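Data first, discussion second: the structure below is written as structure tokens.
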Amino acid sequence: MASLPPPPSAPDTATRPVPADAFRSLMGAFPTGVAVITTYGTDDRPRGLTCSSLASVTTAPPTLSVWLTTRGETLQALRAYGAFAVNLLHERGQRAAEVFAHPVADRFAQVGWRRAPDAGLPWLADDALAVAECRVTQLVEVSDHTLVLGSVTGVTQEAGTPLLYGARRFASWPGGGVPAPPLALDTPLTSC
């Protein structure tokens with residue numbers, strides 16, 4: 001039996017960094033779901049931005065993570081308010097994704113929204129198949145972005161087909177719609 005060659009040594013940390021454009025191209029090749037993160041500012045006006053850097057962290061307790069631009073208005077509002085909502089967009093939510101991805105004076109004037117049932121956070125009910133309301137539990141700054149961890153305090157979900165983004169374009173989930181979850185008596189879940 002032939003033996004395998006030894007693994008290469010760890011790369012030299014003094015090597016030049018990967019160019020930002022090459023890194024963006026790499027991540028653009030990885031399609032993700034599309035979410036809009038929302039919260040309130042100190043003036044009680046809603047704030048939000050489009051985000052594709054979303055992940056579940058743990059189910060006990062239910063925790064989500066999002067990455068936001070450190071100097072951005074939404075992160076500053078979220079930091080002060082202490083809570084945020086994750087609006088998971090459905091296939092008809094592309095316009096909302098585009099509105100919240102660009103600098104627009106009043107993004108919320110261009111989309112339908114209302115207060116979510118648990119903590120009253122901004123919910124893009126016309127464009128999202130689900131919203132998770134979260135309480136901020138930790139912030140970790142890494143270069144020009146901040147990792148935000150949030151304990152999920154409430155979930156509202158309806159059936160729908162998720163919106164995806166990758167290779168600089170939007171698409172619908174090819175597997176079709178996601179059914180609404182069954183109601184369970186011991187969970188803080190509401191259904192639309």
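Both backbone and side-chain heavy atoms feed into the values below; hydrogens, waters and symmetry mates do not. Note that the structure is a prediction, hence the values are computed from the model and not measured.
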Original post:
Arg95 side chain to Gln110 main-chain N or O, any donor-acceptor pair under 3.5 Å?
Top reply: yes

**OP:** Calculate, to the nearest 0.5 Å, the distance between atoms OG1 and CG belonging to Thr63 and Leu149 respectively.
**Re:** 7.0 Å

**OP:** Determine, stepwise, if the pair Arg92 / Thr161 fulfils side chain to side chain contact (heavy atoms under 4.5 Å, CB included).
**Re:** CA-CA 9 Å; Arg92 296 174 318 281; Thr161 301; over 6 Å; no

**OP:** Using the rule that two of Ile, Leu, Val, Met, Phe, Trp, Tyr join whenever any of their side-chain heavy atoms come within less than 4.5 Å, decide whether Val66 and Val34 are in one cluster.
**Re:** no

**OP:** Any chance you could measure Arg79, atom CZ, to Leu68, atom CG, to the nearest 0.5 Å?
**Re:** 10.0 Å

Original post:
So if you build clusters from Ile, Leu, Val, Met, Phe, Trp, Tyr with side-chain heavy-atom gaps below 4.5 Å, do Val136 and Leu121 land together?
Top reply: no

Original post:
With Tyr81, which residues qualify under ring-ring contact (aromatic ring centres under 6.0 Å, His included), at least two apart?
Top reply: Tyr40

Original post:
In Å, rounded to the nearest 0.5 Å, how long is the span from CD of Gln138 to OG of Ser151?
Top reply: 12.5 Å

Subject >> Distance-minimising heavy-atom pair for Glu133 and Ala119 >> reply: OE1-N, 2.7 Å

Subject >> Where Leu147 and Ser65 come nearest, the two heavy atoms and their spacing >> reply: CD1-CB, 3.7 Å

Original post:
For Thr137 and Gly150, which heavy atoms make the closest approach, and how far apart are they?
Top reply: OG1-N, 4.0 Å

Original post:
Do Phe170 and Leu88 sit in the same hydrophobic cluster, where Ile, Leu, Val, Met, Phe, Trp and Tyr count as joined when their side-chain heavy atoms come under 4.5 Å apart?
Top reply: no

Original post:
Rounded to the nearest 0.5 Å, how far does CZ of Phe84 lie from OG1 of Thr74?
Top reply: 12.0 Å

Original post:
So, for Arg47 and Ala77, which heavy atoms are closest and what is the spacing to 0.1 Å?
Top reply: CG-CB, 3.8 Å

Subject >> Path from Trp113 to Val131 over hydrophobic side-chain contacts below 4.5 Å >> reply: no

**OP:** Would you please test Val178 and Gln157 for side chain to side chain contact (heavy atoms under 4.5 Å, CB included) and show each step?
**Re:** CA-CA 10 Å; Val178 175; Gln157 184 175 349; 4.1 Å; yes

Subject >> Enclosure of Trp67 CH2 (heavy-atom neighbours >12, cutoff 6.0 Å) >> reply: yes

**OP:** May I ask you to check whether Phe108 and Phe100 place their ring centers less than 6.0 Å from one another?
**Re:** yes

**OP:** For Val57 and Leu64, work out which heavy atoms get closest and say how close.
**Re:** CG2-C, 3.9 Å

**OP:** Give a yes or no on whether Leu49 and Val111 share a hydrophobic cluster (residues Ile, Leu, Val, Met, Phe, Trp, Tyr; joining criterion: side-chain heavy atoms under 4.5 Å apart).
**Re:** no

Original post:
Between Pro122 and Thr39, what is the shortest heavy-atom contact and its length?
Top reply: CG-O, 3.5 Å

**OP:** Using distance alone, with no hydrogens and no angle criterion, decide if Thr70 and Thr146 have a side-chain donor and acceptor under 3.5 Å apart.
**Re:** yes

Original post:
Distance only, no hydrogens: is a donor on one side chain within 3.5 Å (strictly under) of an acceptor on the other, for Asn87 and Thr38?
Top reply: yes

**OP:** For residues Leu163 and His90, determine if any side-chain heavy atom of one lies less than 4.5 Å from a side-chain heavy atom of the other.
**Re:** no

Original post:
Taking side chain as C-beta onward, heavy atoms only, is Leu164 less than 4.5 Å from Pro174?
Top reply: yes

Original post:
Between His145 and Leu75, is any pair of side-chain heavy atoms under 4.5 Å apart?
Top reply: no

Subject >> Side-chain touch Val86/Ile37, heavy atoms, less than 4.5 angstrom >> reply: yes

Original post:
Hey, does the side chain of Arg107 reach the backbone of His102 with a donor-acceptor pair shorter than 3.5 angstrom?
Top reply: yes

